[in-house]
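Everything numeric here is computed off the predicted structure, so don't read it as measured data. By convention in this document, chain letters (A, B, ...) are assigned in the order of the sequence lines, proteins followed by strands, and residues within each chain are numbered from 1.
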Amino acid sequence: MTNILPRVRFAPSPTGELHVGNARTALFNWLFAKHYHGSFILRIEDTDQVRTSKVFEANLRQDLAWLGIEWDEGPGKGGPCGPYHQSERLSLYRTHLERLIAAELVYPCYCTDEELETERLSLISRKMMPRYMGKCRNLTAETRRRLEAEGRPAAYRFHVPPGAITFHDLIRGPMRFEGSALGDFIIVRSNGIPAYNFAVVIDDHLMKITHVIRGEDHLSNTALQLLLYRALGFAPPQFAHHALILGWDRSKLSKRHGSTTVREFREQGILPQVLINYLALLGASFGEGKEVCTIDEIIESFSLNRAGKSGAIFDKDKLLWLNSLYIRKESLTTLTGYMQPFIKEAGYAHLEEARLHRILDAVRDNITSLAEIGTYLRIFDDSAYELSAGALQILADDETRKVVLSLLDLLNNTDAEGDELYRTLIPLLPEKTGLRGKKLFMPLRAAITGQTKGPELDRFFSILGKSSLQYRLRKAIAATT
RNA sequence: GGUCCCAUCGUCUAGUGGUUAGGACGCUGGCCUCUCACGCCGGAAGCCGGGGUUCAACUCCCCGUGGGACUACCA
């Protein structure tokens with residue numbers, strides 16, 4: 001590694017929602033930049049005019065921001081190496097294409113889709129790696145003129161020289177590919193739009209990228225890109241290819257495996273720090289068995305050596321476990337912030353903050369995702385009060401109803417309020433009813449909460465208050481007599 | 001089919017020639033005498049197979065086997 005500060009990039013194409021696999025790549029790059037005090041650049045690869053969408057781009061930027069992954073240069077931020085949309089860099093690619101044409105390192109290819117398909121099938125049937133065999137490589141100037149005259153559009157192919165292409169991958173070690181097995185690949189399509197491998201090389205060079213950290217699915221592209229670096233006379237960056245995130249069947253994580261996008265996890269009530277923590281942990285380790293880390297700790301301990309070489313299955317159970325852990329540890333204020341959309345959705349946006357905090361504090365141990373808050377908010381809402389089947393069953397006999405009546409009686413004759421209620425009233429109950437333990441508490445729980453399980457009972461006394469308790473006990477009695 | 005990559009409990013991992021193979025999720029037994037949850041204490045569960053190298057292999061090498069990625073005028 002040199003003494004200059006590293007520059008890394010995340011270069012997604014906005015053709016869909018941000019996938020957790022891509023988010024992890026973005027995270028690795030961002031962590032690398034943070035760890036070494038370098039720069040993290042966001043570049044939008046929007047050369048596929050058909051699949052690219054501005055909506056996806058907006059969502060992508062929103063998702064990255066939600067995760068806390070900020071870019072130093074890129075869309076909306078600017079920077080010395082812009083523009084940061086490939087669609088705005090077309091003239092740059094044109095210039096470099098012309099250099100390659102002049103140097104005779106590329107040539108126009110007039111083959112049609114059908115011709116290419118026929119060749120591909122033929123090679124496969126002969127058990128060979130499908131690749132372009134160079135049909136248009138040595139066309140005479142005359143033939144080219146004729147094909148142009150026919151109106152055949154030309155794509156530009158790079159003439160791949162034979163010989164080994166080697167490089168040292170920062171995660172995988174020495175890599176070696178054979179040029180003669182590759183086949184001439186297209187660098188500029190017949191519509192004039194550059195192909196991925198060409199645009200990437202020019203952009204990474206022009207943007208002074210020092211380390212290309214990306215998924216293993218790009219490993220074989222690296223050979224092609226290295227060829228282009230050499231042809232263009234550019235010094236290549238360092239490469240690091242991390243393993244992919246897998247679904248339960250060990251294939252690359254995709255839609256058929258269920259939720260896979262950052263957006264979906266946010267909507268399911270996963271905290272951003274949790275997703276970051278989990279993604280950083282997946283297929284890696286923080287050392288000393290530490291699994292729960294703050295962003296700063298993750299940045300501090302980040303290292304490419306730490307990244308595993310084999311794919312890791314996305315374990316939703318562990319993600320949920322981590323989420324519940326954060327929900328229990330997070331401060332009430334920030335938790336409320338993230339909880340807001342879910343509170344609104346449950347119809348409790350109007351709830352005063354103090355009450356909300358008390359409820360949250362009472363139920364956070366029971367919650368795994370933010371989306372579950374609605375059902376717990378309802379338990380504390382008198383207008384949503386109703387007895388579950390289990391509660392009704394408990395309240396079905398006279399002995400348990402006696403407990404409820406006794407408490408109601410005490411409630412009607414006490415001066416105690418709020419937090420005092422539980423402490424002063426409950427101790428009187430065993431004597432009054434002759435019951436204790438489960439026989440005493442379950443009827444109370446059933447009558448007060450309408451449920452057979454839930455948070456500690458004393459919480460209900462202090463949060464609900466006297467009148468609400470009286471209301472609930474009366475309703476419970478009415479419903480069971 | 002071809003090229004390339006990978007291989008420790010079900011899952012995520014620690015381990016770099018000598019360890020009772022450690023941790024976490026999940027599963028499971030118990031405790032915490034209202035429930036659920038939380039928490040605490042236990043348990044079951046692993047080095048893909050075969051050859052080498054070595055006094056000694058989970059660890060190094062080779063061959064199998066298994067899994068994965070790529071194989072487009074998508075990125």
Engineer: Any ring-ring contact (aromatic ring centres under 6.0 Å, His included) involving residues 419-448 of chain A? Give me the pairs, sequence neighbours left out, ordered by first then second residue.
Structural biologist: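 Pairs touching residues 419-448 of chain A that pass the test: A:Y422-A:F461.
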Engineer: Atom CG of A:L322 to atom C1' of B:U11: distance rounded to whole Å?
Structural biologist: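 Atom-to-atom, A:L322 to B:U11, this comes out as 15 Å.
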Engineer: Mind checking what makes side chain to side chain contact (heavy atoms under 4.5 Å, CB included) contact with A:P14, not counting sequence neighbours?
Structural biologist: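 Partners of A:P14 by the side chain to side chain contact (heavy atoms under 4.5 Å, CB included) criterion, ordered by chain and then number, come out as A:I44, A:D46, A:T52, A:F56, A:E57.
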Engineer: Considering only the P atoms, how many Å lie between B:G2 and B:G64, rounded to the nearest integer?
Structural biologist: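 B:G2 and B:G64 have their P atoms separated by 13 Å.
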Engineer: Please state how far atom CG in A:L253 lies from atom P in B:C12, giving the value in whole angstrom units.
Structural biologist: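 Whole-Å distance recorded here is 13 Å.
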Engineer: With P as the reference atom in both, quote the distance from B:U3 to B:C60 in angstrom, rounded to an integer.
Structural biologist: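 So the two P atoms sit 25 Å from each other.
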Engineer: To the nearest Å, give me how far apart CG (A:D317) and C1' (B:U11) are.
Structural biologist: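 Distance check: A:D317 CG to B:U11 C1' gives 9 Å.
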Engineer: Using heavy-atom distances to pick each residue's nearest nucleotide on RNA chain B, tell me which of A:F314 and A:A181 is more 5'.
Structural biologist: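 Its nearest nucleotide lies further toward 5', so the answer is A:A181.
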Engineer: Nearest whole Å is fine: how far is B:C25 P from A:Y326 OH?
Structural biologist: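 One finds 14 Å between P of B:C25 and OH of A:Y326, rounded.
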Engineer: What does A:G215 touch in the nucleic acid at a heavy-atom separation under 4.0 angstrom: a base, only the sugar-phosphate, or nothing?
Structural biologist: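 Here A:G215 touches no strand at all.
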Engineer: Rounded to whole angstrom units, what separation is found between the NE2 atom of A:H242 and the P atom of B:C12?
Structural biologist: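 Rounding to the nearest Å, NE2 of A:H242 and P of B:C12 are 16 Å apart.
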Engineer: May I ask which nucleotide in the shown strands pairs with B:U3, Watson-Crick or G-U wobble, both distances under 3.5 Å?
Structural biologist: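 B:U3 is paired, partner B:A69.
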Engineer: Using the rule given for side chain to side chain donor-acceptor pair (under 3.5 Å), can you reason through A:R172 versus A:H241, listing the C-alpha separation, both sets of side-chain angles and the distance that settles it, and then say yes or no?
Structural biologist: CA-CA 7 Å; A:R172 282 151 202 286; A:H241 292 89; 5.9 Å; no
Engineer: With a 3.5 angstrom cut-off on both distances, give the Watson-Crick or G-U wobble partner of B:U33, or none if there isn't one.
Structural biologist: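 None - no nucleotide pairs with B:U33, as no candidate has both distances under 3.5 Å.
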Engineer: Mind checking side-chain hydrogen bond (donor to acceptor under 3.5 Å, both in side chains) for A:D365 and listing every partner two or more places apart, or none if nothing turns up?
Structural biologist: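 A:D365 satisfies side-chain hydrogen bond (donor to acceptor under 3.5 Å, both in side chains) with no other residue.
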Engineer: Using a cut-off of 4.0 Å between protein heavy atoms and nucleotide atoms, how would you tag nucleotides 31-37 of chain B 5' to 3' with B, S and -?
Structural biologist: ---BBBB
Engineer: Restricting to side-chain hydrogen bond (donor to acceptor under 3.5 Å, both in side chains), what partner residues turn up for A:R256, sequence neighbours left out?
Structural biologist: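 Partners of A:R256 by the side-chain hydrogen bond (donor to acceptor under 3.5 Å, both in side chains) criterion, ordered by chain and then number, come out as A:D249, A:S251.
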Engineer: Donor-acceptor pairs under 3.5 angstrom involving side-chain atoms of residues 276-287 of chain A: please list them, not counting sequence neighbours.
Structural biologist:
| unit_1 | atom_1 | unit_2 | atom_2 | d |
| --- | --- | --- | --- | --- |
| A:N277 | OD1 | A:C293 | N | 3.0 |
| A:N277 | OD1 | A:Y326 | OH | 2.7 |
| A:N277 | ND2 | A:E291 | O | 3.0 |
| A:Y278 | OH | A:D315 | N | 2.7 |
| A:Y278 | OH | A:D315 | O | 3.3 |

Engineer: Produce a footprint string for nucleotides 67-75 of chain B: one letter per nucleotide, 5' end first; B if the base is under 4.0 Å from any protein heavy atom, S if only the sugar-phosphate is, - if neither.
Structural biologist: SSSSSSBBB
Engineer: Please determine if A:E399 and A:R401 form a salt bridge, counting it only when a charged side-chain N lies under 4.0 Å from a carboxylate O.
Structural biologist: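 No, this pair does not count.
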Engineer: Can you tell me how far P in B:U19 sits from the matching atom in B:G30, rounded to whole Å?
Structural biologist: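 The answer is 36 Å between these two P atoms.
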Engineer: List the residues meeting side-chain hydrogen bond (donor to acceptor under 3.5 Å, both in side chains) with A:D397, not counting sequence neighbours, and say none if there are none.
Structural biologist: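 With sequence neighbours excluded, A:D397 shows a side-chain hydrogen bond (donor to acceptor under 3.5 Å, both in side chains) to A:T400, given in chain and number order.
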Engineer: Could you state the atom-to-atom distance from CZ of A:R176 to P of B:C5 in whole Å?
Structural biologist: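 Rounded to the whole Å, the gap is 11 Å.
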Engineer: Pick the P atom in B:C41 and in B:G26, then give their distance to the nearest Å.
Structural biologist: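 Taking atom P in both B:C41 and B:G26, they lie 16 Å apart.
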Engineer: For B:A14, give the paired nucleotide (Watson-Crick: N1-N3 plus N6-O4 or O6-N4; G-U: N1-O2 and O6-N3; both under 3.5 Å), or none.
Structural biologist: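 Across all strands, not a single nucleotide pairs with B:A14.
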Engineer: What interatomic distance, in whole Å, is found between C1' of B:U53 and the corresponding atom of B:C58?
Structural biologist: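 Comparing C1' positions in B:C58 and B:U53 gives a spacing of 16 Å.
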Engineer: Does B:A56 have a Watson-Crick or wobble partner in any strand here, with both distances under 3.5 angstrom, and which is it?
Structural biologist: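 Base partner found: none.
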Engineer: Would you call the rings of A:F239 and A:F167 parallel, tilted or perpendicular if under 30° counts as parallel and over 60° as perpendicular?
Structural biologist: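 Because their plane-to-plane angle is over 60°, the rings of A:F239 and A:F167 count as perpendicular.
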Engineer: Would you tabulate the side-chain donor-acceptor contacts of residues 428-435 of chain A under 3.5 Å, counting partners in other chains and residues two or more places apart, or write 'none'?
Structural biologist:
| unit_1 | atom_1 | unit_2 | atom_2 | d |
| --- | --- | --- | --- | --- |
| A:K432 | NZ | A:D409 | OD2 | 2.9 |
| A:T433 | OG1 | A:L429 | O | 2.8 |
| A:T433 | OG1 | A:L435 | N | 3.1 |

Engineer: Assign A:R172 to base, sugar-phosphate, or nothing according to its heavy-atom contacts below 4.0 angstrom with the strands shown.
Structural biologist: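 Sugar-phosphate contact only.
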Engineer: Roughly how far apart, to the nearest Å, are B:G23 and B:C62 at atom P?
Structural biologist: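 That atom pair is separated by 33 Å.
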Engineer: Please report the distance separating the C1' of B:A21 from the corresponding atom of B:A57, rounded so that it comes out in whole Å.
Structural biologist: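 After rounding to an integer number of Å, I get 13 Å for this pair.
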Engineer: Please output the side-chain donor-acceptor pairs of residues 180-194 of chain A that fall under 3.5 Å, not counting sequence neighbours, one pair per line with the distance.
Structural biologist:
| unit_1 | atom_1 | unit_2 | atom_2 | d |
| --- | --- | --- | --- | --- |
| A:D184 | OD1 | A:R137 | NH1 | 3.4 |
| A:D184 | OD1 | A:V160 | N | 2.9 |
| A:D184 | OD2 | A:Y107 | OH | 2.5 |
| A:D184 | OD2 | A:R137 | NH1 | 2.7 |
| A:R189 | NH2 | A:T47 | O | 3.4 |
| A:R189 | NH2 | A:P194 | O | 3.4 |
| A:N191 | OD1 | A:I193 | N | 2.9 |

Engineer: I'd like to check the side-chain hydrogen bond (donor to acceptor under 3.5 Å, both in side chains) partners of A:N22; sequence neighbours left out, ordered by chain and number.
Structural biologist: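 Result, side-chain hydrogen bond (donor to acceptor under 3.5 Å, both in side chains) vs A:N22: none returned.
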Engineer: To the nearest Å, give me how far apart CH2 (A:W321) and P (B:A24) are.
Structural biologist: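 From A:W321 CH2 to B:A24 P: 9 Å.
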Engineer: Among A:E45, A:Q86, A:H218, which one satisfies side chain to side chain donor-acceptor pair (under 3.5 Å) with A:Y196?
Structural biologist: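 Option passing the side chain to side chain donor-acceptor pair (under 3.5 Å) with A:Y196: A:H218.
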Engineer: Separation of A:F239 atom CZ from B:C4 atom P, in whole Å?
Structural biologist: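 Computing the A:F239:CZ to B:C4:P distance gives 18 Å.
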Engineer: Could you list all N or O pairs between the protein and nucleotides 62-66 of chain B that sit under 3.5 Å apart?
Structural biologist:
none

Engineer: Using the P atom in both, what is the distance from B:A7 to B:C38, to the nearest Å?
Structural biologist: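 35 Å, rounded to whole Å.
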Engineer: Answer yes or no: is there an ion pair linking A:R51 with A:D48, defined by an N-O contact shorter than 4.0 Å?
Structural biologist: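 Salt bridge: yes.
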Engineer: Could you tell me which nucleotide pairs with B:A45 by Watson-Crick or G-U wobble geometry, both distances under 3.5 Å, or answer none if nothing does?
Structural biologist: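 In the structure as shown, B:A45 has no Watson-Crick or wobble partner.
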Engineer: Under a 3.5 Å limit for both distances, which nucleotide forms a Watson-Crick or G-U wobble pair with B:C38, could you say?
Structural biologist: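 Base partner found: none.
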